[in-house]
Amino acid sequence: MSRAIAVIGAGPSGFYAVDGLMRALPDVRIDIIDRLPCPYGLVRYGVAPDHQGTKGVQRQFERLLARPGVRFLGNIEVGRDVTIAELAALYDALIIATGCSRDRRLGIPGEELKGVVGSGAFVGWYNGHPDFAELDPLRPDMRHVAVIGAGNVAIDVARVLAKTADEMAKSDIAPQAASAIAQLDIAEIAIVARRGPADANFTGNELAELGRLAAFRPAVDGDVVAEAAPPDSDPAPERMRKNRNLEILRTFVTADGTHRTRILRFAFWHTPMALHGEEGHVQALELADTRHPDRHWRIPTDLVVTCIGYDPAPPPGLPLEGGRIAHDEGRVRGMPGAYVVGWAKRGPTGVIPTNRVDAMALVKTVVADLAEAPASGKPGPAGLDNMLAGRGLKPLHTAAWQCIETAENAAGQAQGRPRVKLATWEALIDGSQRSGA
Ligand code: NAP
């Protein structure tokens, strides 16, 4: 009897694991389980809506969904609808690929004020993630925005807020986010970094794009950039990346402001200390100079988006260590047959293809362990179908997802966009049941 494996989480690391498993075990049966009705995880809900090229990897994942033996079971939440222990009894192996879905917090006073939003929620909102359909983070009278963090997510957030409706015309930004952003009249977006320009995690292409915006001019303190250099101890590729960032930032010192009166400012060496508000809404961000911590000042801000990383929120029933799933080289500790991969394993670092490398290494471990394990006779997909049916639960399979996709693509075609996302739970469930696929 062929092996049966459940992959929990239909994002990039889950799909890369499926790819590796299909290559190594051609007759394997794989169920990919996700709480959302849609597959592709961060490709759909994390990658910026104006970076369609990055989403091209989706086609590779689509081909995997079409393979015999691979099923998608959407709208099934592990922990709510079925437990880890139940899945472990049904499958020869479980691969946890649930990523990092919880926004880290700054841990400073005032973080609970309205207008202070984590990047997971904010990015989810503009990308049409149904959990954030009600977020409503913008007010048309907002003039000042602070984006905290010096990574590519901070760049994404600043750019999506800065781009004009024309610049976003070919994107798949969620319709309600597109219209809320189009009403804004922002004077300044500050990207606030607690360390210097040579310490930023930006990558060159993403940073350079900020120099080509139609309405916003990038600005940075010339002295701060002039004195910066990567340490000699950095490996050569890191030094190259950092030097490229510094070159780009130097062009921002003198960036042309004739036609671009709005400012996208890089504020390096600034540590957030507190958020101040009135009537429950944020009004100012208090900062300290990282190098002279006794120097504090406040900048006005109507919206703060914290882009400071994420933590995993794995399904219950797994051993944890410091908030993460406890594992040894991907093997979940104390749970033979259970594995973890991707951001759920490593934390929120690396680009999408980084997860391919990680998943391929894990697949080797899984395949080696299975080779040593006697045939289990576990029921796999048929067993899960029985269990879910007994609970009155109907997973949304690939065909249901394709109905959603067909509806989104058709709406997109009418507007010259790649797709117009169905962005609420109701719309997704309704779309999954409309025939057309
Ligand atoms: P990131 O690159 O780790 O950046 C997080 C930033 O938050 C760092 O600058 C960090 O500063 C700062 N930070 C953390 N805690 C802070 C605090 N308490 N106060 C102030 N600042 C704080 O993470 P990310 O931007 O979320 O990106 C996650 C991963 O996805 C990265 O690997 C990124 O490259 C990738 N990504 C790629 C793309 C793309 O390729 N286009 C787009 C989006 C994301 P310190 O360095 O001082 O800790």
Side-chain angles (χ1 to χ4, degrees), residues 11-13 41-57 99-111 116-124 126-127 146-160 171 190-210 228 230-231 234 237-238 241-242 244-245 248-249 266-275 285-291 293 299 301 304-312 323 342-358:
S13 57
L42 278 190
V43 176
R44 180 172 162 96
Y45 290 120
V47 171
D50 56 336
H51 279 185
Q52 289 298 314
T54 312
K55 292 178 190 262
V57 67
C100 286
S101 57
R102 204 172 43 213
D103 277 310
R104 283 193 189 138
R105 292 175 60 82
L106 284 167
I108 60 175
E111 208 167 352
V116 183
V117 192
S119 58
F122 194 76
V123 170
Y126 67 56
N127 270 331
V147 177
I148 304 200
N152 283 329
V153 171
I155 290 195
D156 280 349
V157 165
R159 189 186 67 250
V160 168
S171 76
I191 296 185
V192 179
R194 62 181 172 181
R195 296 192 289 151
D199 307 302
N201 291 345
F202 311 137
T203 44
N205 289 348
E206 281 63 31
L207 185 60
E209 201 180 345
L210 296 185
D234 272 3
E238 252 321 72
R241 180 185 67 79
K242 290 177 174 180
R244 176 149 186 243
N245 278 352
I248 296 164
L249 285 167
F266 288 83
F268 289 106
W269 299 114
H270 285 60
T271 305
M273 300 302 291
L275 293 148
L285 168 61
E286 183 179 332
L287 296 164
D289 182 327
T290 313
R291 296 177 295 182
I299 59 168
T301 185
V304 176
V305 187
T306 58
C307 305
I308 59 170
Y310 312 100
D311 286 316
W343 277 15
K345 175 181 160 211
R346 307 192 310 279
T349 58
V351 290
I352 289 170
T354 316
N355 294 299
R356 182 170 200 283
V357 180
D358 192 28

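In listed order, ligands and their atoms are each counted from 1. Index from 1, following the sequence.
Between Pro272 and ligand 1, not a single N/O pair is under 3.5 Å apart. Among the atoms of Glu206, some N or O lies under 3.5 angstrom from an N or O of ligand 1. Not a single N or O atom of Val351, backbone or side chain, sits closer than 3.5 Å to an N or O atom of ligand 1.
Evaluated by nearest non-hydrogen atom to atom 34 (O) of ligand 1, the leading choice among Asn152, Val192, Ile148, Thr306 is Asn152. For atom 15 (N) of ligand 1, the choice among Arg105, Arg104, Arg194 with the nearest heavy atom turns out to be Arg194. Of the listed residues (Val153, Val157, Asn205, Val123), the one carrying the non-hydrogen atom nearest atom 25 (O) of ligand 1 is Val153.
Here is the list of ligand 1 atoms found below 4.0 Å of a heavy atom in Asp156: 42 (C), 43 (C).
Side-chain atoms of Arg159 do not come within 3.5 Å of backbone N or O of Leu207 as any donor-acceptor pair.
Of all the heavy atoms of Ile308, the ones lying under 4.0 Å from any atom of ligand 1 are found in both the backbone and the side chain. Counting heavy atoms closer than 4.0 Å to ligand 1, residue Phe202 contributes nothing at all. Residue contacts with ligand 1 for Cys307 involve N, CA, C or O but no side-chain atom from C-beta outward (heavy atoms, distance under 4.0 Å).
Scanning the protein heavy atoms around atom 1 (P) of ligand 1, the nearest turns out to be Asn201 ND2, 3.4 Å.
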